[in-house]
Asks: 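Submitted below is the structure of interest, expressed as structure tokens.
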Number of protein chains: 2
Amino acid sequence: MARRQERAELRQDQILDAAEACFLVEGFHGASMARIATAAKMSVGHIYQYFGSKDAIIIALCERRFAGFEELLSASGQSAASPLSPVDAWISQFTWWIDPIRAPLTLEIMSEAGRNPQVAKVVERIDRRFREMMQDNLLPLAGPLPKADVAHVLEAIILLSHGMTSRITADADADPERIMAAFRLAVHSLLRDWAVGE
Amino acid sequence: MARRQERAELRQDQILDAAEACFLVEGFHGASMARIATAAKMSVGHIYQYFGSKDAIIIALCERRFAGFEELLSASGQSAASPLSPVDAWISQFTWWIDPIRAPLTLEIMSEAGRNPQVAKVVERIDRRFREMMQDNLLPLAGPLPKADVAHVLEAIILLSHGMTSRITADADADPERIMAAFRLAVHSLLRDWAVGE
DNA sequence: CAAAAAAGAATGATGGTTCATTCTTTTTAT
DNA sequence: ATAAAAAGAATGAACCATCATTCTTTTTTG
């Protein structure tokens with residue numbers, strides 16, 4: 001009984017892993033169920049036992065992607081002892097965000113959100129969480145900011161994160177280190193925290 | 001003879017306009033040639049007289065999109081008299097970039113660039129032009145920057161622009177004004193130019 | 001009346017989805 | 001505990017719509 005549940009979850013992950021790999025290479029609409037099935041080492045029909053449609057797979061994948069990011073966000077509350085300054089420790093979490101294996105799908109999700117309201121919902125939720133978390137965990141680390149600027153500063157950091165996904169995806173030669181450095185500089189500058197260690 | 005040429009160009013634009021409208025709604029791979037033909041008010045077969053393949057249309061559209069941006073970049077050299085500060089005048093050009101009609105396709109292009117090397121080429125070219133132009137036209141407007149930071153500042157501004165397309169596309173409720181304000185604040189802050197007029 | 005422009009009907013491949021069917025595992029009855 | 005019965009997991013071929021592309025035919029134009 002619990003055995004069944006366990007197996008079902010295994011299969012679902014199997015499908016999502018395969019779909020993720022296919023979507024990464026071909027995009028949501030370029031990948032076919034047949035190829036996803038092959039990648040998942042199971043039959044096409046069987047996939048439909050776990051997901052009602054290809055769209056449902058896309059949604060589930062979006063959720064899973066951002067579940068990973070939410071975990072990161074939650075963990076950022078209690079940062080362990082680090083050789084970095086608190087702000088830099090916070091910033092360095094974004095290596096997750098710009099992982100070249102992760103970025104293309106994230107970008108695909110953003111693009112899809114423009115047409116698919118269900119995907120837009122998921123994106124909207126994570127955007128809200130992201131803002132809340134910055135409010136709670138990042139702003140206290142920074143110097144005092146003009147009250148009127150706070151919202152804009154948070155928005156700008158969000159823009160920067162999305163920009164990172166875009167650049168990492170679109171430019172194969174983009175250097176993640178270089179991009180993280182630019183991000184770091186921009187965040188420090190937005191927080192008016194000029195003690196940027198080099 | 002020149003009549004023919006003229007007509008051909010008209011037809012090509014007609015096709016690109018139609019394709020743009022379709023891609024905006026359905027994405028590159030969601031849109032079909034049949035629907036593009038309908039939108040262009042011509043037959044499917046006829047389209048193939050002007051573009052060898054659907055992919056060729058995608059490429060041509062990418063080129064045309066960025067041709068518009070390059071024009072903008074070139075024009076930014078000689079800015080007319082403006083009530084805004086020079087930096088703000090420069091920034092305000094980016095309303096082009098975040099036009100909600102334009103942004104989704106731009107984002108789709110970035111996503112596609114991750115898989116289609118031809119598209120990546122176009123993106124890479126415009127990225128280079130963008131950097132050059134900032135070097136020439138934006139930096140002189142700013143205060144003196146630490147030499148080591150210059151590259152990072154430019155990179156950060158690029159991240160911000162791409163982030164804007166992403167946000168505008170993915171979040172239907174995103175307020176362009178608000179996003180531009182965040183961009184403005186971030187650019188001023190990166191240029192260490194604190195005279196932000198409100 | 002040619003020659004280019006345009007239309008639109010084939011074409012064959014491929015799309016997502018469904019379905020009848022066969023294995024495999026679990027439950028029930030003895 | 002073992003055999004029969006029921007349920008669930010898994011398959012892959014069949015479905016029909018649609019895809020990008022090509023071919024043939026008609027219309028327009030110079």
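Only a predicted model underlies this, so the values are computations on that prediction, with no experimental measurement involved. Only this structure's heavy atoms are used, side chains among them; waters, hydrogens and symmetry mates stay out.
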Asks: Just to be sure I understand the rule, does B:Tyr50 reach a base, reach only the sugar-phosphate, or reach nothing, if contact means heavy atoms closer than 4.0 Å?
Replies: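 Result for B:Tyr50 = sugar-phosphate.
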Asks: Would you indicate what A:Ala31 reaches in the nucleic acid, counting non-hydrogen atoms under 4.0 angstrom: base, sugar-phosphate, or nothing?
Replies: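 Sugar-phosphate, no base atom in range.
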Asks: Output the rounded distance in Å from CZ (A:Arg11) to P (D:dG8).
Replies: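 Distance, rounded to whole Å: 16 Å.
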Asks: Counting side-chain heavy atoms from CB outward, which of C:dA7, C:dG16, D:dT11 is closest to A:Met42?
Replies: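 Shortest atom-to-atom distance from the side chain points to D:dT11.
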Asks: Whole-Å distance between D:dG12 P and A:Ile47 CD1?
Replies: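 Distance check: A:Ile47 CD1 to D:dG12 P gives 13 Å.
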Asks: Taking only N and O in the side chain of B:Ser32, is any of them less than 4.0 Å away from OP1 or OP2 of D:dC19?
Replies: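 Result: yes.
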Asks: Measure from the side-chain heavy atoms of B:Arg7 and tell me the nearest of C:dT17, D:dT11, D:dT29.
Replies: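 Per side-chain heavy atoms of B:Arg7, the pick is D:dT29.
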Asks: B:Lys54 side chain: which of D:dA20, C:dA6, C:dT17 is closest?
Replies: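 Output: D:dA20.
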Asks: Determine yes or no for a side-chain-to-main-chain donor-acceptor pair under 3.5 angstrom, with A:Gln14 supplying the side chain and A:Ala40 the backbone.
Replies: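 Here the side-chain-to-backbone pair exists.
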Asks: Roughly, in whole Å, what's the span from CD in A:Gln14 to C1' in D:dA9?
Replies: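 Computing the A:Gln14:CD to D:dA9:C1' distance gives 12 Å.
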Asks: Please report, rounded to the nearest Å, how far the C1' atom of D:dT21 is from the CE atom of B:Met33.
Replies: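 So the two atoms are 8 Å apart, to the nearest Å.
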Asks: Report yes if a side-chain nitrogen or oxygen of A:Ser43 is closer than 4.0 Å to either non-bridging phosphate oxygen (OP1 or OP2) of D:dT11; otherwise report no.
Replies: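 It does, given that an N or O in the side chain of A:Ser43 lies less than 4.0 Å from OP1 or OP2 of D:dT11.
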Asks: Of the nucleotides C:dA7, D:dT29, D:dT11, which has the atom closest to the A:His46 side chain?
Replies: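 In terms of side-chain proximity for A:His46, the closest of C:dA7, D:dT29, D:dT11 is D:dT11.
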Asks: Taking CD1 from B:Ile36 and P from D:dA20, how many angstroms apart are they, rounded to a whole number?
Replies: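 It works out to 7 Å between those atoms.
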Asks: How many Å lie between CZ on B:Arg35 and P on D:dA17, as a whole number?
Replies: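 B:Arg35 atom CZ is separated from D:dA17 atom P by 15 Å.
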Asks: Distance check needed: C:dT21 C1' versus A:Tyr48 OH, whole Å only.
Replies: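 Those two atoms, OH and C1', are 19 Å apart.
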Asks: Toward the 5' end of DNA chain C, which comes first, A:Gly45 or A:Gly30, by nearest nucleotide?
Replies: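 Its nearest nucleotide being more 5', the pick is A:Gly30.
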Asks: Check the distance between C:dT25's P and A:Glu6's CD and give it to me in whole angstrom.
Replies: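 Checked: the CD to P distance equals 15 Å.
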Asks: Should the pair B:Arg102-B:Asp99 be classified as a salt bridge under the 4.0 Å nitrogen-to-oxygen rule?
Replies: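 Yes.
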Asks: If every non-hydrogen atom of B:Pro140 is compared with every non-hydrogen atom of B:Gln135, which pair is closest and at what distance?
Replies: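 Between these two residues, the closest heavy atoms are CD-O, 3.5 Å.
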Asks: Salt bridge check, A:Glu132 against A:Arg129: does any charged N sit closer than 4.0 Å to a carboxylate O?
Replies: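 Looking at A:Arg129 and A:Glu132, the cut-off is met.
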Asks: For the pair A:Arg128 and B:Asp171, find out whether any cationic side-chain nitrogen is under 4.0 Å from an anionic carboxylate oxygen.
Replies: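 No, A:Arg128 and B:Asp171 are not salt-bridged.
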